[in-house]
Amino acid sequence: MNTPNTSFDVPHQRLREQIGAYVDGELSSSEVAILEKHLLTCTPCQNELTLQESIQKRLQNHSLERASAGLRARIERQCEASSNIRHVPSTWGWKRLASQSGAWGGWLVAACLVVALLLNVHSQSISRTHSIPMVASVFADYQNRMAGGELPADNPPAWNRLRHSVSFPVEPIPSLKNQLVAVWSTKIRGEPAAALAYRLDNQIIVQYVVSQKLFFRQNRVRQAIHDFGRYSASLGHDSVVAWPGKNQGSVLIGAMPPDRLLAASLSM
Amino acid sequence: MPHIDRLLSAARRHLGSRELAEDLVQETYLKAWRNFASLDDELRVYPWLYRIMRRELADHYRSLARRRALMPIIDLEMVAIESIQAEDADPFEKTLTMLDGERLNYLFALMPDEFAEVLALRDIEGFSYREIADITSVPIGTVMSRISRARRLLAGLVLQYEDTNDRVLKAAATTDNRTLIGKRSR
């Protein structure tokens with residue numbers, strides 16, 4: 001057996017303690033170079049490397065416990081019981097978190113169910129809606145734009161700028177694409193957001209696209225999405241509808257009844 | 001329900017009992033459901049759930065949780081180091097391969113929490129050192145050293161377990177032989 005090489009600047013003991021991190025790919029390239037050089041001549045460290053690799057390999061193959069259907073059902077029931085608003089039994093809220101791709105694929109199914117719920121949509125009152133920070137912020141931005149009476153001119157550079165101003169994808173509502181009259185970047189709750197204005201039934205309606213993080217931070221919106229697939233509320237003469245997208249969320253606002261806005265949003 | 005199997009496995013490693021682990025997972029999901037707003041990055045759901053479970057464990061299961069701080073850690077590390085130096089790596093790898101999940105869980109449960117947890121987070125859960133440091137609130141250098149030592153500890157436990165097992169089997173075989181010889185001689 002070779003004796004530990006003590007001719008390196010870094011002592012043998014310290015190098016040995018780095019072997020676990022070496023196996024895990026957590027060392028810098030310079031640390032790797034020093035350790036590999038040491039490993040060539042140090043038998044105890046070679047043994048340590050074998051030990052670390054063997055344990056790692058075995059644990060990586062360690063099988064998971066499987067949760068029983070009973071446990072899953074129990075958790076579902078308890079979570080539903082803890083919600084204090086009218087509830088349509090659904091597991092979509094959890095499924096959304098299961099994996100980004102899988103869960104958003106499940107949204108397509110949920111969207112179909114929303115059509116059936118169209119006439120039964122959960123619409124909230126003005127006071128409750130104004131207590132939702134994101135919706136209140138959208139409403140303020142919308143009112144400022146409408147009060148000013150002017151919308152930015154729609155042109156390709158503005159559209160390109162808009163897409164670069166946010167870190168998530170921004171696409172117009174497909175069925176309203178031809179009615180797009182303006183786009184601009186703005187801030188909702190202090191975070192970058194995109195605004196897309198459409199002309200619908202001789203009214204201007206505005207779709208605010210916000211980050212998924214901001215969108216799901218709103219408890220009441222989140223609950224409504226879980227229960228109904230969409231959030232819908234009246235704001236006096238105006239209405240608002242919100243729905244999740246891929247890596248973002250949209251809030252559509254306009255001076256028309258919620259069901260009209262809801263219908264417009266359903267092509268997403 | 002996302003990550004329930006992973007959480008249940010982690011809970012089982014912490015608590016040993018399947019029933020207690022299920023209760024803990026149930027409490028964790030309920031807490032998560034009520035505190036959904038605290039999820040600040042949806043791509044990192046599991047670490048968020050795991051942190052909730054850790055808090056639950058600390059709050060409600062402290063008295064049940066294992067505390068094995070008095071274990072002769074250094075002795076066990078030495079068992080592993082000396083055994084692997086004394087023989088080829090092959091027998092140790094074979095021993096490891098033959099070790100089933102139940103036994104591995106049992107040995108995990110014998111390790112001190114601070115070592116068992118980081119090792120599971122790294123090798124079973126696949127977290128980076130930085131993520132483990134965030135989850136456990138310990139410096140990254142400590143994570144690195146604990147993982148390295150935890151692997152040696154586990155190796156020591158595996159070898160000790162096998163040794164004990166061998167002796168028990170040999171003793172059982174000897175007893176059987178004696179019984180057999182006794183029966184024959186009658």
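Letters A, B, ... mirror the listed sequences (proteins, then strands); counts begin at 1. If you're wondering where the values come from, they're calculated on a predicted model, not measured in any experiment. In what follows, every heavy atom counts, from backbone to side chain, and hydrogens, waters and symmetry copies are set aside.
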- prompt: Do you know which of B:R130, B:E125, B:M144 has the most heavy-atom pairs with chain A at a distance under 4.5 angstrom?
  reply: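 Heavy-atom pair counts peak at B:M144.
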Can you find a heavy atom in the side chain of [X] that is under 4.5 Å from one in the side chain of [Y]?
{"X": "B:I147", "Y": "A:D24", "value": "yes"}
{"X": "B:S148", "Y": "A:E48", "value": "yes"}
{"X": "A:N61", "Y": "B:T97", "value": "no"}
{"X": "B:F108", "Y": "A:L59", "value": "yes"}
{"X": "B:R152", "Y": "A:L51", "value": "yes"}

- prompt: Can you say whether A:L64 sits under 4.5 Å from chain B via the side chain, the backbone, both, or neither, judging by heavy atoms?
  reply: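 Interface part for A:L64: both.
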- prompt: How about A:H62 and B:D123: does a side-chain donor come under 3.5 Å of a side-chain acceptor?
  reply: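 There is no such pair between these side chains.
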- prompt: If every non-hydrogen atom of B:Q26 is compared with every non-hydrogen atom of A:R74, which pair is closest and at what distance?
  reply: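 Between these two residues, the closest heavy atoms are OE1-NE, 2.9 Å.
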field: B:D5 versus A:A67, closest heavy-atom pair with distance
entry: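 The pair with the smallest heavy-atom distance is OD1-N, 2.8 Å.
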- request: Identify whether the distance between the nearest side-chain nitrogen and carboxylate oxygen of B:R6 and A:E65 falls below 4.0 Å.
  value: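 Here B:R6 does not pair with A:E65 in a salt bridge, since their nearest N and O are not under 4.0 Å apart.
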Check ion pair B:R122-A:E26 (N to O, under 4.0 angstrom):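 The answer is yes: the pair qualifies as a salt bridge.
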message: Heavy-atom pairs under 4.5 Å with chain B - which of A:G25, A:A21, A:S68 has more of them than the others?
response: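 If we count pairs closer than 4.5 Å to chain B, A:A21 comes out on top.
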message: Using heavy-atom distances under 4.5 Å, tell me whether B:S128 contacts chain A through its side chain, its backbone, both, or neither.
response: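 B:S128 touches chain A through backbone and side-chain heavy atoms alike.
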query: Is a side-chain N or O of A:R58 found less than 3.5 angstrom from the main chain of B:L96, in a donor-acceptor match?
result: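 Side chain of A:R58 to backbone of B:L96, a donor-acceptor pair under 3.5 Å: yes, one is there.
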query: About how many Å separate CD of B:E19 and CG of A:L71, when rounded to the nearest 0.5 Å?
result: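 Answer for the CG-CD pair, A:L71 versus B:E19, is 11.5 Å.
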message: If I take atom CD from residue A:Q18 and atom OG from residue B:S145, how far apart are they, to the nearest 0.5 angstrom?
response: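 If I round to the nearest 0.5 Å, the distance is 11.5 Å.
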- prompt: Above 12 or not: heavy atoms from other molecules or residues under 6.0 Å from CZ of A:R189?
  reply: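 Not buried by this count: 12 neighbours or fewer within 6.0 Å.
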